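Just below is one structure, and these are the notes that go with it.
Since the model is a prediction, treat every value here as computed from it, not as a measurement.
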Amino acid sequence: MAITTVPGTTRPPGRRDPYPSARRRAGLGRKVRDNLTGHTFLIGAVVCFAVFSWYPMVRGVVMSFQRTRRGETTWVGWDNYARIIDDPSFWTAWKNTFYFTVLALVLGYAVPFFVAILLNEFRHAKGYLRILVYLPVMLPPASALFLFKFYAYDPSEAGLFNAILAALHLPTSEWMQSPGMTMPAMVLASTWMNMGSAVLIYLAALQNIPGELYEAAELDGAGIWRRIRHVTIPQTRLILALLAMLQIVATMQLFIEPLILANGAGTGDSATSVAYLIYQHGFFQNDLNGAAALGVIMLVVLAGFSAVYVRLTAKQD
Amino acid sequence: MSVPQYRKAAAIALAAGLGLSLAACSTKSDDAGKDASGKVTITVDCQPVGAQKELLKNWNDDVAEFQRQNPNIVIKSVSVGEQCNNPPDFTARLAGGTVTDVFYGYMTDLQQVLDSGQAMDITEYANKDTVPTWDSVDPALKEVFTDGGKLYAVPVKNYSMGLVYNKVLFQRAGLDVNNPPKTWAEVREAAKKISALGGGIAGYSEYSAGNTGGWHFTSLLYSQGGQVLTEDGKKADFNNAMGKQVLQNLKDMRYGDNSMGSRQLLQWGDLLTNAGAGKVGMFIGAPDATQAIVSQFQGKFQDWAMSPLPGQDGPAKATLGGGEGYFFKKGLSPEQVKAGLKWIAYQKLTPGKGQFDYVRAKPQNYPVGLPQPLLFKNGSDAQKQEFDLRKANANVDTANFAIFEANPVPIKGEPRNAQAIYAVLDAAMSGVLTNPNANIDALLKTAEDKVNQLLAAGS
């Protein structure tokens, strides 16, 4: 069969374009003209990212190797890093942050998944239930946390949780004031605040699973747990992995919970997170260079997690 | 307009708007500070926010009157919300170079302001010509804002701490309101009796978050004759018997006597909220704490009285003193500095004007008669004028502060790098107030290490 070509769209192999640069110029100009709107929007986005995201990041890295005294800036090499690692709160902050992340993975990651499965199973009032689950997300985080701080976590018996515990004849807790309870209490509040978004994402993933798979599993005699294990989890594997990664990155930046629920460091250093330690160095200890160094360390750690995630998911795909 | 054209126009407008808003981010003070007509313009902060209608009207009246008296000066006042009493906001503005030409700072902020390179040396400008009451201003306060023989700010307020107590709760607990506790042992006894009233009342309340815990630890330490830093300011000096005594006493009251209430991790507003609600028997604070209880936290003036800071075995050895002042941004022209000083002199340092306009404040129910601000040196003309005016216009019962005023305790200033040190000491305070098993030695050792580290970093 003869190969037909449309004139002007293809060139015979081996034949050189007599006016390559002129064509390219015309092409580029036309491309820009044709996509003027898109490019204009793109410029806005690029400028926004450059000014508000990339520049501060680069500036932070530069600052982490400098020291400013009396308005004079000098290069001090790794001094800020050495000093920040020597801070007695440094390892405590990392320990607290990892502890929060692990708890958040166990609670904040698993609970929304099971809530989504439950919602997916309901036959009636689905819309209302979704709204109910999503409602806390609409509350500004600060308001939600103040609600927990003054209402739910009140250490006296007037507090909501303590009143419930007392009614059940269980020992009450001092919540945020008890060093052992600080992290679990923060994870609980954080999970309640953020669960709605994760549930919606899981629900979307669950509804993309073909119904025939469940029908086939049921025909094979699979109960609910086996259906979850052999159908739901494998089918939502990518979403689960993505949300796990996002959860790690988000929870490692733990900040607003200590700031509001624990008024900062909490009891002793029990609520000090890495992000809060950055804030403390920068804004209370007048040590912006140390804060920048700690910020860079955190950036490297989070970038490491992200790289591992990209690698793992690439292999799975 | 067709749809594609509309989209293009919108995109261009968006991009242009973004560019303009970015340009607007880089505001700076009026260039030479002088306009074509030869007027000098200065920007000043701490204008009351819109919600504070009366205060804002007073401020605007002061600006108008000052400009009438000084037709060559234009005051551009800026309301920066929390900046005037919020260390993180202040730090951000300082680091970002967005402070106003004349800007507010705590006495503890000098080091930070100098480090930022934002402060101007005003030694040659601050004198009787620019500030008529300059010679009456307490030299000790000027010294606080002096570094290497150079003056960097004008003090405008000074305070010292004492024991603030609720007379109503004292009476209900069978305590003598005219004979408040003089030692920490007596405070402990009184706190037990007050907390025994029940209803969630704390006999004695204390801070432990937002730098305020460290601030009060310092004051408690001073009361025993201790100090936070060694004389040369190079090392921490609180990990000793006196520091332990401070924390042990609090721990005993909190967990031994259960007389400090259940809610801890309090910062400034938290404690005053509880106090305003009548749930606090005693706390340490400056006279203006009672003002805040009334104006911000729905308390009543007549419920509160003040006595000197208690000591360990007798009168307190020293009490913490602090205050605030106004810095001048580096790069101002001499005319701007002089204009700024004149404004500060008018608004903050002239009896009968601005903050000392007691005739105006009295009917507005702003408290007149508090033993504060202590700005002028003993025996000076300005001190006498201010005292007479205050007495003539008092709208609070000055008898409530009589014991405090009649028994002055030597004032000891705040340590170098105070805010940073206070932030560290918060952990020691929160440790003993929230953990019945807190190890005081370990808390003090950790705090000592951290303070030594930050002092070494700053040197």
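- When all heavy atoms of A/Leu288 and B/Ala95 are compared, the closest pair comes out as CD1-CB, 3.3 Å.
- In this structure, CD in B/Gln264 is found 13.0 Å from OG in A/Ser178, a value given to the nearest 0.5 Å.
- Checked against side-chain contact (heavy atoms from CB on, under 4.5 Å), A/Ala292 has the following partners two or more places apart in sequence or in another chain: A/Met63, A/Ser64.
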Evaluate side-chain contact (heavy atoms from CB on, under 4.5 Å) for A/Tyr153 paired with B/Arg263, printing each intermediate quantity in order. CA-CA 10 Å; A/Tyr153 290 157; B/Arg263 182 177 287 173; over 6 Å; no
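- Residue A/Phe255 qualifies as enclosed at atom CZ: its count of foreign heavy atoms under 6.0 Å is above 12.
- Comparing A/Asn80, A/Asp79, A/Asp86, A/Thr272 by how many heavy-atom pairs each has under 4.5 Å with chain B, the most go to A/Asp86.
- Contacts of B/Val432 with chain A are absent, with no heavy-atom separation under 4.5 Å from either backbone or side chain.
- Ranked by heavy-atom pairs shorter than 4.5 Å toward chain A, the options B/Gly210, B/Ala427, B/Pro88 are led by B/Pro88.
- A 4.5 Å side-chain heavy-atom check between B/Asp426 and A/Asn263 finds every atom pair outside the cut-off.
- Considering only heavy atoms from C-beta on, B/Gln419 stays 4.5 Å or farther from A/Phe283 through its side chain.
- You'll find the side chain of B/Thr91 stays beyond 4.5 Å of the side chain of A/Gln285, heavy atoms only.
- Heavy-atom neighbours of B/Gln248 CD from other residues, nucleotides or ligands within 6.0 Å: above the threshold of 12.
- Within a 6.0 Å radius of CZ in A/Phe150, other residues, nucleotides and ligands contribute more than 12 heavy atoms.
- Heavy-atom neighbours of A/Trp75 CH2 from other residues, nucleotides or ligands within 6.0 Å: above the threshold of 12.
- Contact of B/Asp270 with chain A is made through the side chain alone, with heavy-atom distances under 4.5 Å.
- Heavy-atom minimum distance, A/Pro179 versus B/Thr434: CD-O, 3.9 Å.
- Side-chain atoms of A/Gln177 come within 3.5 Å of backbone atoms of B/Ser262 as a donor-acceptor pair (strictly under, hydrogens ignored).
- Ranked by heavy-atom pairs shorter than 4.5 Å toward chain B, the options A/Asp87, A/Asp287, A/Thr68 are led by A/Asp87.
- In this structure, chain A has heavy atoms under 4.5 Å from both the backbone and the side chain of B/Ala92.
- A/Asn286 places a side-chain heavy atom less than 4.5 Å from the side chain of B/Asp115.
- Contact annotation for B/Leu266: only backbone heavy atoms (N, CA, C, O) come within less than 4.5 Å of a heavy atom of chain A.
- Looking at B/Asp109, there are no atoms closer than 4.5 Å to chain A (heavy atoms on both sides), in backbone or side chain.
- A/Phe90 does not touch chain B: none of its heavy atoms, backbone or side chain, sits under 4.5 Å away.
- To the nearest 0.5 Å, the span separating OG on A/Ser270 from CG on B/Leu265 amounts to 7.5 Å.
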